[in-house]
S.K.: 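Just passing along the structure, written as structure tokens.
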Amino acid sequence: MAVSNAKKHLRKLMHQKLSSLSPQAVAEQSTQVTQHVTQLPAYKASQHISIYISMDSAELQTKTLLLHALNAGKTVYVPRCHNKQTMDMIRLSGHDDLAGLAKNKWGIPEPGMEREAADPSVLDFVVVPGVAFDRNGNRCGHGRGYYDRFVASIPNAYSCAVCLSEQIVEDVPVDTFDRSPDTIVAPEGAIFAKGA
């Protein structure tokens with residue numbers, strides 16, 4: 001089976017599995033992952049951090065992590081996708097800015113196009129979403145390639161993928177352009193770390 005077909009099949013299976021999770025189960029796992037991420041030396045040392053804003057369900061919830069980073073005095077950036085190829089990062093001015101973001105077509109809060117994009121080279125820590133992960137550092141994203149391209153453009157930033165337990169699989173099919181994050185954090189802790 002071609003890698004692209006294998007990924008489509010994996011995404012479909014993950015969607016079914018994640019859709020059946022209760023909000024309570026997602027919230028509990030999200031809390032555990034947030035605790036692990038905030039203890040990472042790279043997170044503690046970071047000053048400019050990018051965190052994706054999660055969907056309302058069937059995905060690890062990032063709001064607590066966003067609030068932790070803001071409360072810790074970090075400069076926080078959230079993604080904005082403005083065509084099928086491009087994702088940039090917009091700096092949040094604080095809690096009210098986060099709470100006031102309008103939802104995009106996927107129902108995810110996102111900064112408007114009138115806001116100026118940040119220089120991505122300032123980022124030192126990037127939280128990366130995904131659909132499925134394995135213990136060898138492989139990640140299957142949502143299929144648009146936004147994060148593979150973005151992370152490749154900022155090689156000095158530490159990339160930390162986050163996931164629910166149900167998103168860990170035996171093997172994720174990969175292509176040559178797929179990028180492994182520096183670490184993958186699940187409710188049990190780091191399931192992968194480069195160089196470990």
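All residue numbers in this chain count up from 1 along the given sequence. Not measured: the values here are computed from a predicted model.
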S.K.: Rounded to the nearest 0.5 Å, what's the gap from OG on Ser93 to CG on Leu98? Could you check?
M.R.: 9.5 Å
S.K.: Apply the side-chain contact (heavy atoms from CB on, under 4.5 Å) test between Phe150 and each candidate in Thr86, Asp88, Val128, Leu123; give the one that qualifies.
M.R.: Leu123
S.K.: Look up atom NZ in Lys7 and atom NE2 in His142, then write down how far apart they are to the nearest 0.5 Å.
M.R.: 12.5 Å
S.K.: Is it true that a side-chain atom of Gln167 and a backbone atom of Met14 form a donor plus acceptor pair closer than 3.5 Å?
M.R.: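 No; judged by distance alone, with no hydrogens or angles, the pair does not exist.
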S.K.: Check whether any side-chain heavy atom of Tyr146 lies under 4.5 Å from a side-chain heavy atom of Pro79, and answer yes or no.
M.R.: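 Side-chain contact under 4.5 Å: no.
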S.K.: Report, as yes or no, whether the 6.0 Å neighbourhood of atom NZ on Lys63 holds more than 12 heavy atoms from other residues, nucleotides or ligands.
M.R.: no
S.K.: Near His82 NE2, under 6.0 Å, is it more than 12 heavy atoms from other residues, nucleotides or ligands?
M.R.: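 Yes, enclosed.
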S.K.: Between Gln29 and Gln61, does any side-chain donor sit less than 3.5 Å from a side-chain acceptor?
M.R.: no
S.K.: Under the criterion side-chain contact (heavy atoms from CB on, under 4.5 Å), I'd like the reasoning laid out for Arg91 against His48: C-alpha separation, chi angles, the key distance, then a yes or no.
M.R.: CA-CA 9 Å; Arg91 181 180 175 172; His48 296 270; 5.9 Å; no
S.K.: Would you say CZ of Arg11 has more than 12 non-hydrogen atoms from neighbouring residues, nucleotides or ligands within 6.0 angstrom?
M.R.: yes
S.K.: Would you kindly confirm whether Leu70 and Val78 end up in one hydrophobic cluster when ILVMFWY residues are joined by side chain heavy atoms under 4.5 Å apart?
M.R.: yes
S.K.: Between Asp182 and Lys194 (side chain of the first, backbone of the second, donor and acceptor by atom type, cut-off under 3.5 Å), is there such a pair?
M.R.: no
S.K.: How long is the straight-line distance from SG of Cys160 back to CG of Leu40, given to the nearest 0.5 Å?
M.R.: 5.5 Å
S.K.: Output the distance between atom CG (Asn138) and atom CZ (Phe192), rounded to the nearest 0.5 Å.
M.R.: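 One finds 8.0 Å between CG of Asn138 and CZ of Phe192.
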S.K.: Treat each ILVMFWY residue as a node, draw an edge where side-chain heavy atoms are under 4.5 Å apart, and state whether Leu18 and Ile191 are in one component.
M.R.: no
S.K.: Give, for atom CE of Met87 and atom CZ of Arg80, the distance between the pair rounded to the nearest 0.5 Å.
M.R.: 11.5 Å
S.K.: Which pair of heavy atoms, one from Thr38 and one from Gln35, lies closest together, and at what distance?
M.R.: OG1-O, 3.0 Å
S.K.: Hey, do the aromatic rings of His36 and Tyr43 have their centres closer than 6.0 Å?
M.R.: no
S.K.: Is the number of heavy atoms from other residues, nucleotides or ligands within 6.0 Å of CG (Asp96) greater than 12?
M.R.: no
S.K.: Nearest heavy-atom pair of Ser54 and Glu59: which atoms, and what distance?
M.R.: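 That would be CA-OE1, 3.3 Å.
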S.K.: Kindly work out whether a path of hydrophobic side-chain contacts (I/L/V/M/F/W/Y, heavy atoms less than 4.5 Å apart) joins Ile49 to Ile154.
M.R.: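 Looking at the clustering, Ile154 is in the same group as Ile49.
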S.K.: Quick check against the 3.5 Å criterion: does Asn71 have a side-chain atom that pairs as donor or acceptor with the backbone of His68?
M.R.: no
S.K.: Among pairs that include at least one residue of residues 127-148, which meet salt bridge (charged side-chain N to carboxylate O under 4.0 Å, His left out), considering only residues two or more places apart or in two chains?
M.R.: Arg135-Glu188, Arg139-Asp148
S.K.: With hydrophobic residues grouped by side-chain heavy-atom distances under 4.5 Å, do Val76 and Tyr158 end up in a single group?
M.R.: yes
S.K.: Given the rule in the side-chain contact (heavy atoms from CB on, under 4.5 Å) test, do Glu166 and Leu21 qualify, once you have shown the distances and angles that lead to the verdict?
M.R.: CA-CA 9 Å; Glu166 289 77 8; Leu21 287 176; 3.5 Å; yes
S.K.: Quick one: do Thr34 and Val162 satisfy side-chain contact (heavy atoms from CB on, under 4.5 Å)? Show the steps, please.
M.R.: CA-CA 9 Å; Thr34 297; Val162 291; over 6 Å; no
S.K.: So, Glu28 versus Gln24: side-chain donor-acceptor pair below 3.5 Å or not?
M.R.: yes
S.K.: Using every non-hydrogen atom in the two residues, find where Ala152 and Pro155 come nearest and quote the distance to one decimal.
M.R.: O-CD, 3.8 Å
S.K.: For the residue pair Gly137 and Pro181, what are the closest heavy atoms and their distance?
M.R.: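 Smallest interatomic distance, heavy atoms only, reads O-CD, 3.4 Å.
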S.K.: Mind jotting down which residue pairs meet the salt bridge (charged side-chain N to carboxylate O under 4.0 Å, His left out) criterion with at least one end in residues 105-122? Sequence neighbours excluded, please.
M.R.: Asp97-Arg115
S.K.: Quick one, Cys163 with Val185, criterion side-chain contact (heavy atoms from CB on, under 4.5 Å). Give me CA distance, side-chain angles, the key distance, then yes/no.
M.R.: CA-CA 6 Å; Cys163 67; Val185 178; over 6 Å; no
S.K.: Could you check whether any side-chain N or O of Asn104 sits under 3.5 Å from a backbone N or O of Gly107, counting only pairs where one atom can act as donor and the other as acceptor?
M.R.: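 Looks like yes, one N/O pair under 3.5 Å.
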S.K.: Is the closest side-chain heavy-atom distance between Asn136 and Asp171 below 4.5 Å?
M.R.: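 Yes; the side chains approach each other to less than 4.5 Å.
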S.K.: Only one of Leu60, Val127, Val33 forms a side-chain contact (heavy atoms from CB on, under 4.5 Å) with Leu65, so which one is it?
M.R.: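 That would be Val127.
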S.K.: If the test is side-chain contact (heavy atoms from CB on, under 4.5 Å), which one of Thr75, Leu101, Ile53 qualifies with Leu92?
M.R.: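 With Leu92 as partner, Thr75, Leu101, Ile53 yield a single side-chain contact (heavy atoms from CB on, under 4.5 Å), made by Leu101.
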S.K.: By salt bridge (charged side-chain N to carboxylate O under 4.0 Å, His left out), which residues pair with Lys103, not counting sequence neighbours?
M.R.: Asp56
S.K.: To the nearest 0.5 Å, what is the distance between OG (Ser180) and CZ (Phe133)?
M.R.: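 Nearest 0.5 Å value for the OG-CZ distance: 11.0 Å.
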S.K.: Quick check: closest heavy atoms across Ala157 and Val126, and the distance to 0.1 Å?
M.R.: CB-CG2, 4.1 Å
S.K.: Examine Val37 and Ile51 and state if one hydrophobic cluster contains both, with Ile, Leu, Val, Met, Phe, Trp and Tyr joined whenever side-chain heavy atoms are less than 4.5 Å apart.
M.R.: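 Yes; Ile51 is reachable from Val37 via cluster members.
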